[in-house]
Student: 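I am attaching a structure below and will ask some questions about it afterwards.
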Amino acid sequence: MQEKDDLDLKEKVSLNFLERIIEDDLANDRVPNGTIVTRFPPEPNGYLHIGHIKAICINFGLAATYGGRCHLRLDDTNPEKEEQEYINAIKKDIRWLGFDWGTHEYYASDYYQNLYEIAVRLIEEGKAYVDSLSAEEMRTYRGTLTEAGKNSPYRDRSIEENLTLFEEMRQGKHPEGTHILRAKIDMSSPNINMRDPALYRIKFAHHLRTGDRWCIYPMYDFTHPISDALEGITHSICTLEFEDHRPAYDWATSIDGIKHTPHQYEFARLNINYLVMSKRRLLNLVKLGIVTGWDDPRMPTISGIRRRGYSPESMKDFINRVGVAKVEGVVDYSLMEFCVREDLNKRSDRLMVVLDPLKVIIDNYPENKIEYFEAVNNPEDPNSATHQIPFGRELYIEREDFMEEPPKKYHRLYPGNEIRLKYAYYIKADSVVKDEQGTVTEVHCTYDPLSKGGTTPDERKIKGTSHWVSATECVTIEARLYDKLFLDENPGKSTGNYLDDLNPDSLVIVPEAKAEPEILSAKVGDYLQFIRNGYFCRDTTDGQDGKLIFNRTVTLKDSWAKMKKKMGM
RNA sequence: UGGGAAGUCGCCAAGCGGUUAAGGCUCUGGUUUUUGGUGCCGGCAUCGGGGGUUCGAAUCCCUCCUUCCCAGCCA
């Protein structure tokens, strides 16, 4: 026990770099009121995915551990791409993970007026100007990575002219692309983001929240830091690709009149092999109809994994185990599966479902007799309830669980071998019936009445235990067996196109799986284990008409499959 | 070849001048087991390379190498 306490202590002492920064800031009185304020600022132009879970956990998590708060801010500065559907989904997904932003729900568009006034002030101070170069010309003037840029010929317009033009832009007197407001910083900066970054562009687009009030929209580098400052964010945490933007961030938060100075810190985004995570690619999968939607259980979106049956707890645990650092890496898909299995093993009720039925007839068992056996719902839970399972003369077992000519180490059913039917009896295979093609259609067995419940007085060892259902009392369900969407751990890396690495078997539908009647009590949201087959959940979307559809969340670990592979089968 | 960042076990990741270089996943032996699941026990690195500083370096300095990001009126 003492040792365990020491370990816990050690774990707490090991802080990630963000926690270290925060603790240092707190200790040195650099945090107003000692209140840490973070924010999660998604752009509502798509669904949130697993990568966002990391950002959500970091921002909400840090706020929680240091007694601060985390704002939800929808970064809606590009009306052409943003939709209400995405806003709704984003909020639902964050709540599903168990985080709460309370009253702190903000929109970048809330600050359009402030931003506009700040822009005018910058012009008045000679720190911003209206450029009338075309987009292509601007690119030319910007220079390259290795060559400095050139000043725009419009850079030295008078303050009055700038003011007039900007006002006309706001009034909609100029077409898109004709003018743009830029910060006057330094066209020769080695950091391209500082070569007079664009502040405002003209867009005659209807905005979700501000409607047609504006036809000029502020850019990220201008909007984001000022939004942070206005909200009193203390630690603005983003991903590594924004490191180059930090000087722009600091420039914006240093504008005269800005009262609060937040700071930006960057961490490495989450990458997981076998998954594609970019919004562009995900949107493409949806548009091309490769998946049924953003919430297709094969999608790495939060709504997808929720529908697949992943628990929010397992995802948060996963993020925790991955850690937070600045090293760009790729986490193994297997770590995520481990976290899901670990959580689901503890919480899911067990059920017997036969996915690929093979009929078993117990010749020495009375016809028409049905007896019931008691099964523990969850053997991992000492307080678990139990339920009854009907047993009879005709059963179904998994086709995989019988072989006429078994390989070495196969200890399931085969002629002459005895196995245990979980909770029920021992049976021994005697003979088989085949169809014209030679496929086994029935296995005739004998049972041992002394083995009732799964043990015998002579305590003889039985190596194999199979799950089963009564052929007459079972319920037919549809099982959807999901697997990875991509076959290559880095989709598109070797083929050049990620769509070429699609897994043709990412969804295998079993239209008529046979389940024990207890499955009728399964509700949407229940976490289930189909014994020996994996974790499943009731589908939330396609099962609404009462149809029994179950999604496979993840398989169980399968060391037999591994052994078969090793033996070259 | 400009600027920014990163390199510790197959994958993450602790470590912050003195440790036998944590831990987790994967893999791999064994064991328990009415799920070939779970659980339990065990195995698995000298820190990108080379110099240097120091009694002592993964930790400090120099240098080289490799990888990632940036030339949207996207975020």
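Chain letters run A, B, ... following the sequence lines, proteins first, then strands; residues in each count from 1.
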Student: Where the side chain of A/Val327 is concerned, which of B/rC70, B/rU38, B/rA13 is the nearest nucleotide?
Tutor: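 Nearest listed nucleotide: B/rA13.
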Student: Which nucleotide, B/rA71, B/rC68, B/rG37, lies nearest any side-chain atom of A/Arg139?
Tutor: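 Looking only at side-chain atoms, A/Arg139 lies closest to B/rA71.
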Student: Which whole number of Å gives the distance between the P atom of B/rU8 and that of B/rU46?
Tutor: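 Between the two P atoms, the distance is 14 Å.
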Student: May I ask you to evaluate whether A/Arg341 reaches the phosphate of B/rU35, defined as a side-chain N or O under 4.0 Å from OP1 or OP2?
Tutor: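 Answer is no, no contact under 4.0 Å.
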Student: Considering every strand and a 4.0 Å limit on heavy-atom distances, what is the contact class for A/Thr455: base, sugar-phosphate, or nothing?
Tutor: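 Contact class for A/Thr455: base.
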Student: If you check the A/Ile192 side chain, which of B/rC73, B/rU35, B/rA71 turns out closest?
Tutor: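 Among the listed nucleotides, the one closest to the side chain of A/Ile192 is B/rA71.
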Student: Please classify the nucleic acid contact of A/Arg420 as base, sugar-phosphate, or nothing, using heavy-atom distances under 4.0 Å.
Tutor: base
Student: Side chain of A/Leu145 only, heavy atoms from C-beta on: which candidate in B/rA71, B/rG37, B/rC69 is closest?
Tutor: B/rA71
Student: B/rC74 P sits how many Å from A/Asp221 CG, rounded?
Tutor: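 Atom CG in A/Asp221 sits about 12 Å away from atom P in B/rC74.
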Student: When both hydrogen-bonding distances must be under 3.5 Å and the geometry is Watson-Crick or G-U wobble, what is B/rG72 paired with, if anything?
Tutor: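 Partner of B/rG72: none found under 3.5 Å.
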Student: Say you pick atom P in B/rG7 and the same atom in B/rU59; how far apart are they, in whole Å?
Tutor: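 Their P atoms lie roughly 12 Å apart.
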Student: Return the nearest nucleotide to the side chain of A/Asp332; candidates are B/rG3, B/rC11, B/rA14.
Tutor: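 Per side-chain heavy atoms of A/Asp332, the pick is B/rC11.
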Student: Whole angstroms only, please: what is the NZ-P distance between A/Lys461 and B/rU31?
Tutor: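 So the NZ-P distance, A/Lys461 to B/rU31, works out to 13 Å.
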Student: Taking the chi torsion of B/rG56, is it syn (within 90° of 0) or anti (everything else)?
Tutor: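 Anti, angle beyond 90° from zero.
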Student: Scan A/Arg246 against the nucleic acid and name what it touches under 4.0 Å (heavy atoms): base, sugar-phosphate only, or nothing.
Tutor: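 Nothing, no nucleic acid heavy atom in range.
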Student: Quickly work out the A/Tyr333 OH to B/rC25 P distance and round it to whole Å.
Tutor: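 From A/Tyr333 OH to B/rC25 P: 18 Å.
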Student: Side-chain N or O of A/Ser559 less than 4.0 angstrom from OP1 or OP2 on B/rG37?
Tutor: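 Affirmative; the distance criterion is met.
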Student: Paired with B/rC55 by Watson-Crick or G-U wobble geometry, both distances under 3.5 Å: which nucleotide is it?
Tutor: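 Paired with B/rC55, as far as the under-3.5 Å criterion goes, is B/rG18.
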Student: How far, in whole Å, is B/rA13 from B/rG18 if one measures between their P atoms?
Tutor: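 Each nucleotide's P atom is 23 Å from the other's.
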Student: Heavy atoms only, 4.0 Å cut-off, all strands: where does A/Lys326 land among base, sugar-phosphate and nothing?
Tutor: sugar-phosphate
Student: Is a side-chain donor-acceptor pair under 3.5 Å present for A/Arg39 with A/Ser227?
Tutor: no
Student: Using a distance-only criterion (donor-acceptor N/O pair, under 3.5 Å, no hydrogens), is the base of B/rU35 paired with the side chain of A/Gln529?
Tutor: yes
Student: For A/His245, report the nucleic acid contact type (base, sugar-phosphate, nothing); a contact means any heavy atom under 4.0 Å.
Tutor: base
Student: For A/Tyr220 and B/rA75, is the gap between ring centres under 5.5 Å while the planes differ by less than 30°?
Tutor: no
Student: Over 60° means perpendicular and under 30° means parallel, so tell me whether A/Tyr200 and A/Phe166 are parallel, tilted or perpendicular.
Tutor: perpendicular
Student: Assign A/Lys463 to base, sugar-phosphate, or nothing according to its heavy-atom contacts below 4.0 angstrom with the strands shown.
Tutor: nothing
Student: Is A/Met219 touching bases, backbone alone, or none of the nucleic acid, heavy atoms closer than 4.0 Å?
Tutor: sugar-phosphate
Student: Describe the nucleic acid contact of A/Ala325 in one word from base, sugar-phosphate, nothing, applying a heavy-atom distance below 4.0 Å.
Tutor: sugar-phosphate
Student: For A/Glu147 and B/rG3, what is the distance between atoms CD and P respectively, to the nearest whole Å?
Tutor: 14 Å
Student: May I ask you to test the A/Arg269-A/Lys54 pair for a side-chain heavy-atom distance under 4.5 Å?
Tutor: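 A/Arg269 vs A/Lys54: side chains apart.
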Student: Roughly how far apart, to the nearest Å, are B/rC44 and B/rG24 at atom C1'?
Tutor: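 Nearest-Å result for B/rC44 against B/rG24 at atom C1': 14 Å.
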Student: For B/rC11, what is the paired nucleotide under Watson-Crick or G-U wobble rules, both distances under 3.5 Å?
Tutor: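 B/rC11 is paired, partner B/rG24.
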Student: Do you know the tightest heavy-atom contact between A/Val276 and A/Pro300?
Tutor: O-CG, 3.3 Å
Student: Base, sugar-phosphate, or nothing: which does A/Glu243 touch, judged by heavy atoms less than 4.0 Å apart?
Tutor: sugar-phosphate
Student: How far does the C1' atom of B/rU54 sit from the matching atom of B/rC60, given to the nearest Å?
Tutor: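 One C1' to the other, the span is 9 Å.
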Student: Give the rounded distance in Å between these two atoms: NE2 of A/His467 and C1' of B/rU35.
Tutor: 9 Å
Student: Is A/Asn78 touching bases, backbone alone, or none of the nucleic acid, heavy atoms closer than 4.0 Å?
Tutor: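 Touches sugar-phosphate only.
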Student: Looking at the side chain of A/Lys557, which of B/rG3, B/rU26, B/rA71 is the nearest nucleotide?
Tutor: B/rU26
Student: For the P atoms, the ones on B/rG23 and on B/rC41, what distance do you get once it is rounded to whole angstrom?
Tutor: 13 Å
Student: What interatomic distance, in whole Å, is found between C1' of B/rG43 and the corresponding atom of B/rU1?
Tutor: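 Per the computed distance, 48 Å lies between those C1' atoms.
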Student: Is there a side-chain contact between A/Arg532 and the phosphate of B/rG36, meaning an N or O under 4.0 Å from OP1 or OP2?
Tutor: yes
Student: Apply the test side chain to side chain donor-acceptor pair (under 3.5 Å) to residues A/Ser152 and A/Arg182: give CA-CA distance (whole Å), side-chain angles for both, the deciding distance (0.1 Å), then the verdict.
Tutor: CA-CA 10 Å; A/Ser152 162; A/Arg182 303 179 74 174; 5.1 Å; no
Student: Looking only at side-chain atoms of A/Phe338, point me to the closest of B/rU26, B/rC68, B/rG3.
Tutor: B/rU26
Student: With a 3.5 angstrom cut-off on both distances, give the Watson-Crick or G-U wobble partner of B/rC40, or none if there isn't one.
Tutor: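 Because both required distances fall under 3.5 Å, B/rC40 counts as paired with B/rG30.
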Student: Counting the atoms with a prime plus P, OP1 and OP2 as sugar-phosphate, which does A/Phe242 contact under 4.0 Å by heavy atoms, base, sugar-phosphate, or nothing?
Tutor: base
Student: Examine B/rC74: is either OP1 or OP2 under 4.0 Å from a nitrogen or oxygen in the side chain of A/Arg201? Give yes or no.
Tutor: yes
Student: Whole angstrom is fine here: how far is it from CZ in A/Phe222 over to C1' in B/rG72?
Tutor: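 One finds 18 Å between C1' of B/rG72 and CZ of A/Phe222, rounded.
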Student: Between A/Tyr116 and A/Trp214, what is the ring plane arrangement, given parallel below 30°, perpendicular above 60°, and tilted in between?
Tutor: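 The arrangement is tilted - the two ring planes meet at 30° to 60°.
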Student: Using a heavy-atom cut-off of 4.0 Å across all strands, would you classify A/Lys409 as base, sugar-phosphate, or nothing?
Tutor: base
Student: Give, for atom OH of A/Tyr47 and atom CG of A/Leu283, the distance between the pair rounded to the nearest 0.5 Å.
Tutor: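 CG of A/Leu283 is found 11.0 Å from OH of A/Tyr47.
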Student: Ignoring backbone atoms, establish whether A/Lys566 has a side-chain N or O less than 4.0 Å from OP1 or OP2 of B/rU28.
Tutor: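 False: A/Lys566 side-chain N/O out of range (4.0 Å or more) of B/rU28 OP1/OP2.
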Student: Which word best sums up how the rings of A/Tyr220 and A/His224 line up, parallel for under 30°, tilted for 30 to 60°, or perpendicular for over 60°?
Tutor: parallel
Student: Give a yes or no on whether a salt bridge exists between A/Glu398 and A/Arg412, defined as a side-chain N under 4.0 angstrom from a carboxylate O.
Tutor: no
Student: If I pick the C1' atom on B/rC9 and the same atom on B/rA45, what distance separates them, to the nearest angstrom?
Tutor: 4 Å
Student: B/rG72 P sits how many Å from A/Glu241 CD, rounded?
Tutor: 16 Å
Student: Side chain of A/Ile180 only, heavy atoms from C-beta on: which candidate in B/rG37, B/rC73, B/rG24 is closest?
Tutor: B/rC73
Student: So is A/Lys203 actually on top of A/Tyr217's ring, under 6.0 Å and inside 45° of the axis?
Tutor: no
Student: With a 4.0 Å limit, can you tell me whether A/Arg195 has a side-chain N or O closer than that to the phosphate oxygens OP1/OP2 of B/rA71?
Tutor: no
Student: Identify whether any heavy atom of A/Ile531 sits under 4.0 Å from a base atom; if not, whether one sits that close to sugar-phosphate; answer base, sugar-phosphate or nothing.
Tutor: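 If one applies the 4.0 Å heavy-atom cut-off, A/Ile531 turns out to touch a base.
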Student: Under 4.0 Å from OP1 or OP2 of B/rA75: is there any side-chain N or O of A/Thr77 that close?
Tutor: yes
Student: For A/Ile389 and B/rU35, give me the distance from atom CD1 to atom P, rounded to whole Å.
Tutor: 14 Å
Student: Please work out if A/Arg412 contacts a base, only the sugar-phosphate, or nothing of the nucleic acid, heavy-atom cut-off 4.0 Å.
Tutor: base
